[in-house]
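Throughout, residue positions are numbered sequentially from 1 according to the sequence presented. Not measured: the values here are computed from a predicted model.
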Amino acid sequence: MKAISKLIILLLVILSASLLCIACSDQKETRSKQAGSADSSDSVESGDEADEKEPVTISVLVHWEEDMFNERFKEPIEKRFPHITLEQVRSGSGQEDLEEVFASGTSPDIFFELSQQTMEYLELDYDLSELIEKHSYDVSHINPVFLDSIRSKDKEGRLLALPYEIIYHVLFYNKDIFDLFGQPYPTADMTWSETLELARNLTGERNGVHYRGLDLGNAETPLQQLAVNKTDPETGEVLFDQPEFGQYFDLIDQILDIQGKSDVEAFDQGRFDGDQTTAMVTAFVQGLNWWKDVEGLNMDVAPLPVWDNGPAVSHRPDGGIIALSINPESEHKDAAFDVITYFTENEYQEWASRNGIGPSSSDESVLDQFFQDYESTHDKNVASIFAHPPATPPEQISQWDQYVDLDLKRYSESDMDSNEYLRVIEEESAAKIQDAKNSQ
C-alpha cells in the first residue's frame, strides 16, 4: 500500500509540474502576442508619421526656362520633400505681369523676385515672422545683413521674403595689363585712394594702345558702401546735403580726371572684356562665368576697395537681393515655407554656391565653395570676394530713392561741377517724386 501511495503521490507531482509548465507557456505566448501586437502598432504609427504630410502641389511664379526651373527648384525640392510637387507658373514678376496671371485665375503659392512696391500695391505683403514663430524656425544661418535689408525696405520692418540669391559686385583686373605696366596686383585690403593711385599708374599708352586704369561697371557701387538714402523715407525730400555725396563725387571726379576727356564713354564695363584695354573694373561677380571663354583675357578678382578711414565693408545688398515670398492667399503656407527656407539651408546653399549662385549664408564652408564647380575659377582668388562683410543699409530704406538717377555718364559729358550737377538732379528728382505722390 505504501508503494502504491508513493506512486500516486509521484504521479500527482508530475501532473502538477506539467500543468505549471503549460500555464507558463501560455503566459509566455500571451506576452509574445501582446509584444508582437505592440510592435505592429508601433510600426503602423511610424508609418502614419512617415505619411503624415499629405501630398501637396506648390506653384512658384518665376520667369526662368523650364530646364532652369527644374534644376534649381523642382528637382532639389521634390528630392528633399517627397510629398511636395513643385509646379512652375512662368511669368515675369512686374505689376502688369502679375495682374495678367491673377486675371487668368492662377494664384501662385510662391513669388520670385517681387519688388516691395509691387507687393504693397497688389497686397501680396505677407509677414513671414508668423510662420517662423509657428515652426520655431532658426534663421541664424542666413547672413543677418540680408534679413535686415529686407526688413529695411518695409515701413513696418516686416520680413516679407527670404533671400534666394545675392548679387555680389567685385573688382576684376586684367593681369596682363598689370604685368605690362609693372604694377602689383590688387590686394584684399585696398582703399579707394590706393586704387586711384594704382589706376593712375595703369593709365597710358603701350605699344600703340591706350589703356585705362579703372572703370566702374555700376558707377554707384562706391556710394552703396556708404549706406545712405538719397531721399527722406517719410517726406521724399532729396538729401544731397549729406557729406557722403560730396565724398562720393570727389571719387568720381578723380576717376574721370585719370581717364581724361575723350570721345570714349566713361564707366564702360565693356572695355574690360571687349578690347581688353581696362586694367580694373567693378562688376557683377558673374563675370567669372560670362568671361571665362573670352580669348586672351587673363583676369582675376579681388574685393571692392574700401573707403579710407571708413568701415571695411562691401556694398549694401538691398539692391541685389533676389528673394522668395509667400502669397498671403495660399492655402499651403506651411509647405511653401518649407520650400523657401530649404533654399537658405546649407544643403542647398553649398550646391548653389558651387554653381555660382550668390550665397545668402554666412557659413564659411558655404562661401569657400563659391564657383568651385567651374574649373575655370580654380586658379582665381574667389575666396577674397568675401573678405569684407556687406554694408549695413539705413534703418529704413527710402522708397523715393528709385526716382533719383545720378546718371554718372551724363555727368561726365556735362560741363558742370558736382555741386551744380547735384542741384539739377535734385530739382528733377523732386519733380518725379511729386508726380509719384500725386499718382498714389
Looking at [atom1] of [X] and [atom2] of [Y], how far apart are the two atoms once the value is rounded to the nearest 0.5 Å?
X: Thr344; Y: His141; atom1: OG1; atom2: NE2; answer: 3.0 Å
X: Leu422; Y: Phe249; atom1: CG; atom2: CZ; answer: 4.5 Å
X: Phe343; Y: Glu345; atom1: CZ; atom2: CD; answer: 10.5 Å
X: Leu214; Y: Tyr173; atom1: CG; atom2: OH; answer: 14.5 Å
X: Thr341; Y: Leu131; atom1: OG1; atom2: CG; answer: 9.5 Å
X: Leu61; Y: Leu98; atom1: CG; atom2: CG; answer: 6.0 Å

Quick check: does any side chain N or O of [X] sit under 3.5 Å from a backbone N or O of [Y], one acting as donor and the other as acceptor?
X: Trp307; Y: Pro222; answer: yes
X: Asn327; Y: Pro108; answer: yes
X: Asp97; Y: Gly94; answer: yes
X: Glu78; Y: Leu86; answer: yes
X: Glu220; Y: Leu408; answer: no
X: Ser104; Y: Val101; answer: yes
X: Tyr164; Y: Ser360; answer: no
X: Thr377; Y: Phe371; answer: yes
X: Arg151; Y: Leu159; answer: no
X: His388; Y: Ala188; answer: yes

Counting heavy atoms not belonging to [X], are there more than 12 under 6.0 Å from its [atom1]?
X: Gln440; atom1: CD; answer: yes
X: Glu420; atom1: CD; answer: yes
X: Gln117; atom1: CD; answer: no
X: Glu205; atom1: CD; answer: yes
X: Glu65; atom1: CD; answer: no
X: Glu237; atom1: CD; answer: no
X: Gln434; atom1: CD; answer: yes
X: Asp435; atom1: CG; answer: yes

Can you confirm whether [X] sits close enough to [Y] that some side-chain heavy atom of one is under 4.5 Å from a side-chain heavy atom of the other?
X: Val424; Y: Met416; value: yes
X: Gln242; Y: Tyr248; value: no
X: Lys155; Y: Gln399; value: yes
X: Asp148; Y: Phe146; value: no
X: Gln88; Y: Asn70; value: no

Verify side chain to side chain donor-acceptor pair (under 3.5 Å) between Asn381 and Asp300, making sure each step is shown before the conclusion. CA-CA 7 Å; Asn381 195 17; Asp300 209 335; 5.8 Å; no

Which label fits [X] and [Y]: parallel for a plane angle under 30°, tilted from 30 to 60°, or perpendicular past 60°?
X: Phe178; Y: Tyr185; value: perpendicular
X: His315; Y: Tyr168; value: perpendicular
X: Phe112; Y: Phe73; value: perpendicular

Aromatic [Y] / basic [X] pairing, under 6.0 angstrom, 45° off normal:
X: Arg90; Y: Trp64; answer: no
X: Arg206; Y: Phe181; answer: yes
X: Lys437; Y: Trp400; answer: yes

Residues Leu180, Tyr211; criterion side-chain contact (heavy atoms from CB on, under 4.5 Å); working and verdict: CA-CA 10 Å; Leu180 182 63; Tyr211 294 94; 3.7 Å; yes

Taking all atoms of both residues into account, what is the closest heavy-atom pair of [X] and [Y], and its distance?
X: Phe69; Y: Val60; value: CE1-CB, 4.1 Å
X: Tyr421; Y: Asp407; value: OH-O, 2.8 Å
X: Leu122; Y: Phe102; value: CD1-CE1, 4.4 Å
X: Leu202; Y: Met280; value: CD1-CE, 4.1 Å
X: Phe267; Y: Ile252; value: CZ-CG2, 3.8 Å
X: Tyr411; Y: Ser418; value: OH-N, 3.3 Å

With His169, which of Val285, Ile385, Asn218, Thr282 fulfils side chain to side chain contact (heavy atoms under 4.5 Å, CB included)? Asn218

For Lys333, the option from Ile110, Ile326, Asp109, Leu128 that meets side chain to side chain contact (heavy atoms under 4.5 Å, CB included): Ile326

Hey, is [X] close enough to [Y] for a salt bridge, meaning N to O under 4.0 Å?
X: Asp268; Y: Arg271; result: yes
X: Asp338; Y: Lys53; result: yes
X: Glu165; Y: Arg72; result: yes
X: Glu426; Y: Arg423; result: no
X: Asp127; Y: Arg158; result: no

Starting from the C-alpha separation in whole Å, work towards a yes-or-no answer on side-chain contact (heavy atoms from CB on, under 4.5 Å) for Leu198 and Met190. CA-CA 10 Å; Leu198 194 54; Met190 279 200 323; 4.0 Å; yes

Side chain to side chain donor-acceptor pair (under 3.5 Å) partner of Gln259, the single match among Asp215, Thr278, Thr203: Asp215

In sequence, state the C-alpha distance, the side-chain angles, and the governing distance for Thr231 and Asn229, and then conclude on side chain to side chain donor-acceptor pair (under 3.5 Å). CA-CA 5 Å; Thr231 59; Asn229 282 321; over 6 Å; no

Carefully, step by step, assess Lys432 and Asp405 under the rule salt bridge (charged side-chain N to carboxylate O under 4.0 Å, His left out). CA-CA 10 Å; Lys432 293 177 188 176; Asp405 183 5; 5.5 Å; no

How far apart are the C-alpha atoms of Leu160 and Ser325, what are their side-chain angles, what is the distance that settles it, and do they pass the side-chain contact (heavy atoms from CB on, under 4.5 Å) test? CA-CA 6 Å; Leu160 301 180; Ser325 55; 5.7 Å; no

